[in-house]
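The chain is numbered in sequence order, starting from 1. What you see is a predicted model, and the numbers here were worked out from it, not measured in a lab.
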Amino acid sequence: MKKKWLAMVLVGVMALSLCACGKETPAAQEPATEQPAEEAPVEEADSQEGETGEEGTEESYGKILFIQTHNNNSFMSYMGEMFEKVAEENGFECTHLTSDSDEATQLSQIEQGVASKEYVGIIVDCTGEGVTQGFKEAKEAGLYVMTLHEGVTDNTYVDGIVACSLAETGYQHIKLEVDELGDSFNLAIVNGSEGHGATVAIREGYERALEEFPNINVVFDGAGNWNAEDAMELTGNWFSSGTKIDGIVCMNDGMATGVRQVMKDNGVLGTIPIYSNDCEQDTLKAVEAGEQSGSFDMNALAQCEAAINMMKTFVTGGTPEETEVYVDPLLVTVDNLEEYRASHGGY
C-alpha cells in the first residue's frame with residue numbers, strides 16, 4: 001500500500017470545514033391516471049422520501065458500520081461525533097458502536113454486522129489483532145473493510161487504512177524539548193504498555209529524534225501502561241532517586257496527569273517541559289495554567305474525512321489514489337489553546 005503524509009500543522013489548529021457531497025436528481029412525478037406499479041417504481045418513491053428541496057434528492061451510498069474501541073475520553077467521543085457527522089454529510093447511513101476496549105466484543109460486533117447483510121462496508125478502530133478474523137468474514141461477504149485510528153499488523157483483508165502518524169508525535173515530543181532546552185539535557189521517557197501498537201509507533205519517533213540529537217541523555221525510560229496511577233508510581237521513584245530531570249515526554253495524557261502530580265509533589269510543576277498526546281480536558285487545563293508545555297491532538301476530523309472519502313470511492317467503483325493515509329497531528333500549546341477549544345465545541 002502506498003503511504004501518504006498529509007500537510008502538518010504543528011503551531012496552530014487548522015480551520016477545518018465539512019461539506020455535504022450529496023448529488024441532486026430531479027424528482028419523478030407521474031399523472032394520477034398512470035399505473036402506479038409501472039410508472040412509480042420503488043427506487044423513485046424512495047428517492048422522494050429523501051427530498052431536501054423542490055429540485056431533487058440527496059444521493060445515498062448505503063449503510064456503513066463504524067466500530068470504535070471505546071469512547072471513554074474527550075478525543076474518542078469527539079471522533080465518534082465527527083465520524084457520524086461526516087458520514088451523514090457524504091451520503092452514508094452510519095451505525096456507530098463501541099467495544100469497551102474488549103477484543104472479543106469487537107469481533108462479535110463485526111461478525112453480527114456481516115451476518116445482518118445491511119452494510120456496504122465496515123470501518124474499525126481496532127482493539128487488537130483478533131479482529132482480523134472478522135475482517136476475513138467481511139471480505140468473503142463482499143464488504144469493504146477499513147481501519148481508522150488504530151489498525152492491525154495483518155492487513156490481508158483490509159482495503160484501506162487511515163490513521164494519525166503516532167511516530168511523528170514521538171519525534172515532535174523530543175524535538176520540542178530540544179527547542180526549549182537545547183540539544184543536550186537529561187530526558188525521562190514515559191512509554192505506554194510494552195508491545196502495544198501505539199507504544200511501538202510512538203517509540204519509533206522517539207528513536208528517530210534521539211538519533212538526530214545524540215547529546216540528549218535519557219536518564220529514565222519506563223512503562224506507565226497508559227494510566228495515571230502507574231505513571232505516578234514510575235516517575236515517583238525517578239524523582240526520589242535525586243537524578244536531575246530536565247524534560248519529560250509521555251505517550252498519552254492519562255500518564256501525563258500522573259506525572260504532573262508527582263512533579264507537583266516535588267515542587268517542580270511548571271518548571272520542566274512535558275509533552276504528551278490526546279488533548280484531554282485535564283491536560284488542556286494544565287497547558288492553560290502553565291503546568292504542561294503542550295499536547296498533540298490526533299486530528300480526528302481529518303481522519304474521519306479521509307476514511308469516508310476513501311469508502312465513498314470504494315462503493316462507487318473507483319480506486320483510491322492512496323489506500324494508506326496518515327494525517328499529521330495537531331500541536332496544542334497555550335498559544336493556540338482557545339482557537340483549538342473553539343474548533344472542538346468548547347472543550
Side-chain angles (χ1 to χ4, degrees), residues 3-13 75 149-151 163-226 231 234-235 238-239 243-260 263 268 271-280 283 286-287 291-299 302 324-336:
K3 295 187 177 180
K4 176 179 179 182
W5 296 88
L6 304 184
M8 178 182 303
V9 179
L10 295 174
V11 293
V13 175
F75 169 78
H149 190 53
E150 292 280 359
C164 183
S165 175
L166 292 175
E168 187 61 27
T169 68
Y171 173 81
Q172 291 297 332
H173 284 176
I174 294 179
K175 177 62 169 62
L176 288 161
E177 297 273 358
V178 170
D179 292 344
E180 293 193 44
L181 300 171
D183 61 3
S184 180
F185 60 91
N186 287 351
L187 177 68
I189 298 175
V190 184
N191 301 287
S193 54
E194 186 175 353
H196 189 277
T199 302
V200 173
I202 298 170
R203 189 73 201 196
E204 178 186 330
Y206 286 167
E207 296 299 333
R208 179 158 59 95
L210 291 172
E211 183 177 348
E212 184 175 334
F213 303 103
N215 291 328
I216 294 175
N217 183 25
V218 179
V219 291
F220 295 110
D221 191 347
N225 299 313
W226 304 116
L234 178 72
T235 56
W238 292 352
F239 277 96
T243 301
K244 186 174 185 290
I245 298 174
D246 299 310
I248 301 174
V249 293
C250 294
M251 290 190 176
N252 81 339
D253 284 352
M255 297 186 295
T257 298
V259 173
R260 290 195 306 270
M263 293 168 70
V268 294
T271 67
I272 297 175
I274 176 172
Y275 289 91
S276 56
N277 286 349
D278 291 343
C279 289
E280 293 186 5
T283 296
V287 170
E291 298 169 351
Q292 179 161 331
S293 298
S295 180
F296 280 93
D297 179 284
M298 298 296 101
N299 212 340
E324 191 168 348
V325 175
Y326 293 94
V327 307
D328 282 316
L330 304 173
L331 172 62
V332 179
T333 68
V334 69
D335 294 330
N336 64 342

Point to revise | Worked verdict on Asp278 versus Met298 for side chain to side chain contact (heavy atoms under 4.5 Å, CB included) | key: CA-CA 6 Å; Asp278 291 343; Met298 298 296 101; 4.2 Å; yes
Review point. Checking side chain to side chain contact (heavy atoms under 4.5 Å, CB included) for the pair Phe185/Val178: CA distance, chi angles, key distance, verdict?
Key: CA-CA 8 Å; Phe185 60 91; Val178 170; 4.0 Å; yes
Review point. Step by step, would you call Asp221 with Asn191 a side-chain hydrogen bond (donor to acceptor under 3.5 Å, both in side chains)?
Key: CA-CA 7 Å; Asp221 191 347; Asn191 301 287; 2.7 Å; yes
Check your understanding: Does the side chain to side chain contact (heavy atoms under 4.5 Å, CB included) test come out yes or no for Glu150 and His196, once each step is laid out?
Key -> CA-CA 11 Å; Glu150 292 280 359; His196 189 277; 4.2 Å; yes
Practice item. Check the pair Leu176, Leu331 against side chain to side chain contact (heavy atoms under 4.5 Å, CB included), reporting the backbone distance first and the verdict last. Key: CA-CA 10 Å; Leu176 288 161; Leu331 172 62; 3.9 Å; yes
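For Ser193, the side chain to side chain donor-acceptor pair (under 3.5 Å) test picks out Trp226, with sequence neighbours left out. With sequence neighbours excluded, the residues forming a salt bridge (charged side-chain N to carboxylate O under 4.0 Å, His left out) with Glu207 are Arg203, listed by chain and number. With sequence neighbours excluded, the residues that form a ring-ring contact (aromatic ring centres under 6.0 Å, His included) with Phe220 are Trp238. With sequence neighbours excluded, the residues forming a ring-ring contact (aromatic ring centres under 6.0 Å, His included) with Tyr206 are His173, listed by chain and number. Looking at residues two or more places apart in sequence or on another chain, you find a side chain to side chain donor-acceptor pair (under 3.5 Å) between Thr243 and Ser241.
We find the CD1-CZ distance between Ile248 and Phe239 to be 4.0 Å, quoted to the nearest 0.5 Å. Note that CD1 of Ile174 is 12.0 Å distant from CD of Glu211, once rounded to the nearest 0.5 Å. The distance from atom CG of Asn336 to atom CG of Leu330, rounded to the nearest 0.5 Å, is 8.5 Å. One distance of note links OH of Tyr275 with SG of Cys250; it measures 13.0 Å at 0.5 Å rounding. Taken to the nearest 0.5 Å, the CZ atom of Phe213 stands 12.0 Å off from the CG atom of Leu181.
For Leu166 against Ala201, the heavy-atom pair with the smallest separation is CB-CB, 3.8 Å. Of all the heavy atoms in His149 and Ala163, the pair that sits closest is O-CB, 3.6 Å. Here the closest non-hydrogen pair linking Ser295 and Cys279 is OG-N, 3.0 Å. In terms of heavy-atom proximity, Gly192 sits nearest to Ala223 at O-CB, 3.3 Å. Closest of all the heavy-atom pairs between Cys164 and Tyr326 is O-CD2, 4.3 Å. The nearest pair of heavy atoms linking Gly222 to Leu234 is C-CD2, 3.7 Å.
Between the side chain of Asn299 and the backbone N or O of Asp328 there is at least one donor-acceptor pair closer than 3.5 Å. A donor-acceptor contact shorter than 3.5 Å links the side chain of Asn252 to the backbone of Met255.
There is a side-chain donor-acceptor pair under 3.5 Å between Tyr171 and Glu212. Under the 3.5 Å distance criterion, with hydrogens and angles disregarded, a donor-acceptor pair is assigned to the side chains of Asn186 and Asn217.
Other residues, nucleotides and ligands place no more than 12 heavy atoms under 6.0 Å from the CD atom of Glu204.
For the pair Ser276 and Asp253, the minimum side-chain heavy-atom distance is below 4.5 Å. Leu187 has its side chain within reach of Leu210: a pair of non-hydrogen atoms, C-beta onward, lies under 4.5 Å apart.
Annotation: salt bridge (charged side-chain N to carboxylate O under 4.0 Å, His left out) contacts involving residues 177-191, sequence neighbours excluded, comprise Lys175-Asp179.
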